[in-house]
Chemist: 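Have a look at this one before I ask anything.
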Amino acid sequence: MTKLRLHNTLTRAKEDFAPLDASNVRMYVCGPTVYDYAHIGNARPVIVFDVLFRLLRHLYGPGHVTYVRNITDIDDKINARAAEIAASRNIDVEAARAEITAKTAQQFLDDVTALGSLNPTHTPRATDYVAQMVEMTRRLIAEGFAYEADGHVLFEVARKADYGKLARRSLDDMIAGARVDVAPYKKSPMDFVLWKPSDDKTPGWPSPWGRGRPGWHIECSAMGEALLGETFDIHGGGIDLVFPHHENEVAQSEAAHRGHPLARVWLHNGFLQVEGEKMSKSLGNFITINELLKDWPGEVLRFNMLRTHYRQPMDWTVAGMNESWKTLEKWYAVTEPLSDPPVGSAFLAALADDLNTPQAIAELHKGSDHELAGGLGLLGFSNVQERIAARTNVDATAIADAIAARNAARKAKNFAESDRIRDELLAQGILLKDGPEGTTWEVKR
RNA sequence: GGUGACGUGGCGGAGUGGUUACGCAACGGUCUGCAAAACCGUGUACCCCGGUUCAAUUCCGGGCGUCACCUCCA
């Protein structure tokens, strides 16, 4: 069996992957906070970990992998948005929260499905696990890792001797570098919230500490525990989540689990820039998945994402998408539908080497057409028989008629007419290709 | 200020202590009414300065640059 190696953020090294239970490989990835359209940066972990999900299913069997990607529908950014909606439409804030999260979550799922991602095994929403969050918080208080202060429950980082081990920061350094105003009720600036009180205008749930809402970090710990158990195999997310989110997850989960680790392997994808600049709303280069899908097939976006190794910084460009489009056009033209195409060994080895998708793609360029079909299938390009053109708004019948007319003109040596037809199609973005088997066409970018 | 990542040919992008990455673009050829496509072939590289080594793009140290985290963020 192909040996899977993964770069573990905990050890900063590539390690051989050995699941706790090969009959149930368990992976958790931090999902979106649903208050607005997901942007292309959000798509990176979705696509990268979807490829890992597919690879694990290939290696261990489709029924032996459990993948959890949560939906955070309790969050203060959501609450802020819900408050605006509630005020403008004069509706209850909880109703507004439910509406915006339901709508945004569905939009997210539609977007990532268009990117060729499989549905995770479970897509838990925080609101369905508040009881588990309360229970875990209570456990942390009982174990002496958390304290109640001024209506809040806080995790006391000083109680966790190895706090900072994931991000590799010492508590002293972090406190010295703290740049935020410290809430007066905190024992230490680094203590973080497990539970906080809600006023009448803020969504809240009953708890032993009054009506309130969970802190962000406890959401993932509680959902991970509920669906995957105390210790699971892989936890993934963007590199920006290493600190504080994942560090805090580690701290609270281990504290609640008598020291048992949360995840064996931590994977983090690198950041993405747009046309050489960081993506931000102020620069006006904040691009959503939804906007891109209006101009580009999801497969092209997916392929473009996989051309860069997941841990590398990535520059998202139109030039890159054009190149991706071109490559897929070429490949879709040569691959034929096969019921069970073979997966090339060099391709698989590259993929198993810490998800080296650029190397894997290079192997597809080198390999046979059958291996190309198999590789594309494993990477999530399952509809290799479906041309990209089929996803665009072109009239295939009209094009076929035009091609027939052009070929008739060519046969009659009326080249002025045949070239006119060709130029007319080109003006519509349809590029003709004369081959020994006849004339084919593709949509030109 | 602290921590971390990255810097490869025109562009994208793997990888390696000594042997062709790969793709796109470019150039040459075959084919074609022409062009495109397809196919064949060709070229250019490892940020700077030291060190280790028989040999460094690859290891070590320093510098410069870019990005990220330290505060919500994939």
Side-chain angles (χ1 to χ4, degrees), chain A residues 9 12 29-33 35-36 38-49 72 75-78 80 164 167-170 172-181 189-190 216 236-247 268-273 276-281 303-317 319-327 329-331 333-334 346 350 353-354 356-367 409-416 418-419 422-423 425-426 431-437 439-442 444:
Chain A
T9 306
R12 312 283 153 125
V29 174
C30 290
T33 299
Y35 68 104
D36 203 351
H39 56 70
I40 189 62
N42 295 306
R44 194 169 192 189
V46 170
I47 292 171
V48 162
F49 294 114
T72 294
D75 177 271
D76 283 351
K77 286 193 295 287
I78 296 171
R168 300 208 172 178
R169 299 169 196 219
S170 78
D172 290 346
D173 289 346
M174 288 187 279
I175 292 170
R179 299 191 308 201
V180 270
D181 292 336
M190 299 314 296
W216 177 36
I239 193 157
D240 57 316
L241 294 182
V242 172
F243 192 88
H245 188 231
H246 289 164
E247 190 69 55
H268 292 98
N269 62 272
F271 242 60
L272 179 146
Q273 288 184 274
E277 290 187 307
K278 74 169 90 172
M279 185 165 54
S280 73
K281 281 179 175 162
F303 187 74
N304 198 236
M305 195 67 84
L306 296 177
R307 290 174 46 205
T308 300
H309 183 84
Y310 77 94
R311 282 192 286 116
Q312 289 288 87
M314 171 173 194
D315 192 11
W316 186 271
T317 64
M321 284 187 281
N322 275 319
E323 198 175 318
S324 296
W325 172 293
K326 194 179 246 182
T327 302
E329 267 285 5
K330 184 174 152 188
W331 280 353
V334 299
D353 181 15
D354 194 31
N356 193 338
T357 52
Q359 179 74 52
I361 288 168
E363 299 300 341
L364 293 184
H365 280 293
K366 297 178 192 170
R410 290 173 72 204
K411 200 164 186 177
K413 304 227 184 280
N414 183 357
F415 298 124
S418 67
D419 288 354
R422 184 172 67 198
D423 292 345
L425 287 172
L426 189 59
L431 182 69
L432 297 189
K433 303 189 289 189
D434 295 326
E437 309 293 315
T439 302
T440 58
W441 56 274
E442 68 181 41
K444 185 182 170 62

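Each chain gets a letter, A, B and so on, in the order its sequence line appears, and its residues count up from 1. Bear in mind that the values here come from a model prediction, so they are computed numbers and not experimental data.
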Chemist: Find the distance Phe303(A):CZ to G12(B):C1' and express it as a whole number of Å.
Modeler: 11 Å

Chemist: Would you indicate what His39(A) reaches in the nucleic acid, counting non-hydrogen atoms under 4.0 angstrom: base, sugar-phosphate, or nothing?
Modeler: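 Touches a base.
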
Chemist: Once you apply a heavy-atom cut-off of 4.0 Å, does Gly270(A) come out as touching a base, just sugar-phosphate, or nothing?
Modeler: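 The answer is base, as Gly270(A) lies within the cut-off (heavy atoms under 4.0 Å) of a base atom.
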
Chemist: Can you label the angle between the Phe303(A) ring and the Trp331(A) ring as parallel, tilted or perpendicular, going by 30° and 60°?
Modeler: perpendicular

Chemist: Which base, if any, makes a Watson-Crick or G-U wobble pair with G33(B), both distances under 3.5 Å?
Modeler: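 Here G33(B) is not engaged in any pair, so there is no nucleotide opposite it.
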
Chemist: Heavy atoms under 4.0 Å, any strand shown: does Lys413(A) hit a base, just sugar-phosphate, or nothing?
Modeler: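 Nothing: the residue Lys413(A), judged by heavy atoms under 4.0 Å, touches no strand.
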
Chemist: Nearest of A68(B), A74(B), C24(B) to any side-chain atom of Leu272(A)?
Modeler: A74(B)

Chemist: Check Ile40(A) against Met279(A) and note the closest heavy-atom contact, atom names and distance.
Modeler: CG2-SD, 3.9 Å

Chemist: In terms of side-chain heavy atoms of Leu241(A), which of A21(B), A68(B), A74(B) is nearest?
Modeler: A74(B)

Chemist: Please confirm whether any donor atom in the side chain of Arg422(A) sits under 3.5 Å from an acceptor in the base of A35(B), or the reverse.
Modeler: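 Checked by distance alone, the answer is yes.
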
Chemist: Is there a side-chain contact between Tyr310(A) and Asp354(A) (heavy atoms, below 4.5 Å)?
Modeler: yes

Chemist: Which atom pair, heavy atoms only, marks the closest approach of Asn269(A) to Pro45(A)?
Modeler: OD1-CB, 3.3 Å

Chemist: Classify Leu432(A) by what it touches in the nucleic acid, base, sugar-phosphate, or nothing, heavy-atom distance under 4.0 Å.
Modeler: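 The answer is base, as Leu432(A) lies within the cut-off (heavy atoms under 4.0 Å) of a base atom.
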
Chemist: Students often get this wrong, so: under 4.0 angstrom with heavy atoms, is Ser418(A) touching a base, only sugar-phosphate, or nothing?
Modeler: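 Answer is base: heavy atoms of Ser418(A) come under 4.0 Å of a base.
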
Chemist: Can you tell me the Watson-Crick or wobble partner of U66(B), both distances under 3.5 angstrom?
Modeler: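 WC or wobble partner is A5(B).
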
Chemist: Considering every strand and a 4.0 Å limit on heavy-atom distances, what is the contact class for Glu363(A): base, sugar-phosphate, or nothing?
Modeler: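 Nothing, no heavy atom under 4.0 Å.
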
Chemist: So, do Leu241(A) and Cys30(A) sit near enough that their side-chain heavy atoms are less than 4.5 Å apart?
Modeler: yes

Chemist: For Asp419(A), answer base if it contacts any base atom (sugar-phosphate contacts may also be present), sugar-phosphate if it contacts only those atoms, and nothing otherwise; contact means non-hydrogen atoms under 4.0 Å.
Modeler: base

Chemist: From C-beta outward on Gln312(A), which listed nucleotide comes closest to its side chain: A14(B), A35(B), C70(B)?
Modeler: A14(B)

Chemist: With a 4.0 Å cut-off on heavy atoms, is Arg169(A) in touch with a base, just the backbone sugar-phosphate, or nothing at all?
Modeler: base

Chemist: Round to the nearest Å and state the distance from Met305(A) atom CE to A74(B) atom P.
Modeler: 13 Å

Chemist: Between A36(B), A14(B), U32(B), spot the one nearest the side chain of Arg410(A), thanks.
Modeler: U32(B)

Chemist: Measure from the side chain of Thr327(A), starting at C-beta and using heavy atoms only, and say which of A14(B), G23(B), A74(B) lies closest.
Modeler: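 So the nucleotide nearest the side chain must be G23(B).
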
Chemist: With a 4.0 Å cut-off on heavy atoms, is Ile361(A) in touch with a base, just the backbone sugar-phosphate, or nothing at all?
Modeler: nothing

Chemist: May I ask which nucleotide in the shown strands pairs with G28(B), Watson-Crick or G-U wobble, both distances under 3.5 Å?
Modeler: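 Here G28(B) is engaged in a pair, and the nucleotide opposite it is C40(B).
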
Chemist: Compare the minimum distances between each of A74(B), G23(B), A36(B) and the side chain of Leu431(A), then state the nucleotide with the smallest one.
Modeler: A36(B)

Chemist: Across all strands, who's sitting opposite G17(B) as a Watson-Crick or G-U wobble pair, both distances under 3.5 Å?
Modeler: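 Pairing partner: none.
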
Chemist: In whole Å, what is the span from the CD1 atom of Ile239(A) to the P atom of U3(B)?
Modeler: 16 Å

Chemist: If each of Gly435(A) and Lys278(A) is mapped to the nucleotide of RNA chain B with the nearest heavy atom, which maps nearer the 5' terminus, i.e. the 5' end?
Modeler: Gly435(A)

Chemist: Would one find a side-chain N or O of Lys326(A) under 4.0 angstrom from OP1 or OP2 of A25(B)?
Modeler: yes

Chemist: Determine whether any donor atom in the side chain of Glu323(A) lies under 3.5 Å from an acceptor atom in the base of G23(B), or the reverse, and answer yes or no.
Modeler: yes

Chemist: With nearest nucleotide decided by heavy atoms, which residue, Ala167(A) or Asp353(A), maps closer to the 5′ end of RNA chain B?
Modeler: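 Upstream on the strand: Ala167(A).
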
Chemist: C22(B), G4(B), G13(B): which one has an atom nearest the side-chain heavy atoms of Lys366(A)?
Modeler: C22(B)

Chemist: Could you check whether Gly237(A) gets within reach of a base, just the sugar-phosphate, or nothing at all, counting any heavy atom under 4.0 Å?
Modeler: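 Result for Gly237(A) = sugar-phosphate.
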
Chemist: Check the distance between G33(B)'s P and Asp434(A)'s CG and give it to me in whole angstrom.
Modeler: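 The answer, rounded to whole Å, is 9 Å.
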
Chemist: A14(B) P sits how many Å from Arg311(A) CZ, rounded?
Modeler: 10 Å

Chemist: What contact category does Phe271(A) fall into here, base, sugar-phosphate, or nothing, at under 4.0 angstrom with non-hydrogen atoms?
Modeler: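 Base contact - Phe271(A) has a heavy atom under 4.0 Å of at least one base atom.
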
Chemist: Does this structure show an ion pair linking Glu247(A) with Arg169(A), if we count only N-O contacts that are shorter than 4.0 Å?
Modeler: no

Chemist: Taking any strand in view, what nucleotide pairs with G50(B) in a Watson-Crick or G-U wobble way, both distances under 3.5 Å?
Modeler: C60(B)

Chemist: Figure out the CE/P separation between Met314(A) and A5(B), and round it to whole Å.
Modeler: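 Met314(A) atom CE is separated from A5(B) atom P by 21 Å.
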
Chemist: Do Glu323(A) and Thr317(A) have side-chain heavy atoms sitting under 4.5 Å apart?
Modeler: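 The answer is no, as the side chains (C-beta and beyond) never meet within the 4.5 Å cut-off.
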
Chemist: Using modelled atom types and a 3.5 Å cut-off, is there a donor and acceptor pairing between side-chain atoms of Asn304(A) and backbone atoms of Ser324(A)?
Modeler: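 Here the side-chain-to-backbone pair does not exist.
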
Chemist: What contact category does Asn356(A) fall into here, base, sugar-phosphate, or nothing, at under 4.0 angstrom with non-hydrogen atoms?
Modeler: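 It contacts sugar-phosphate atoms only.
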
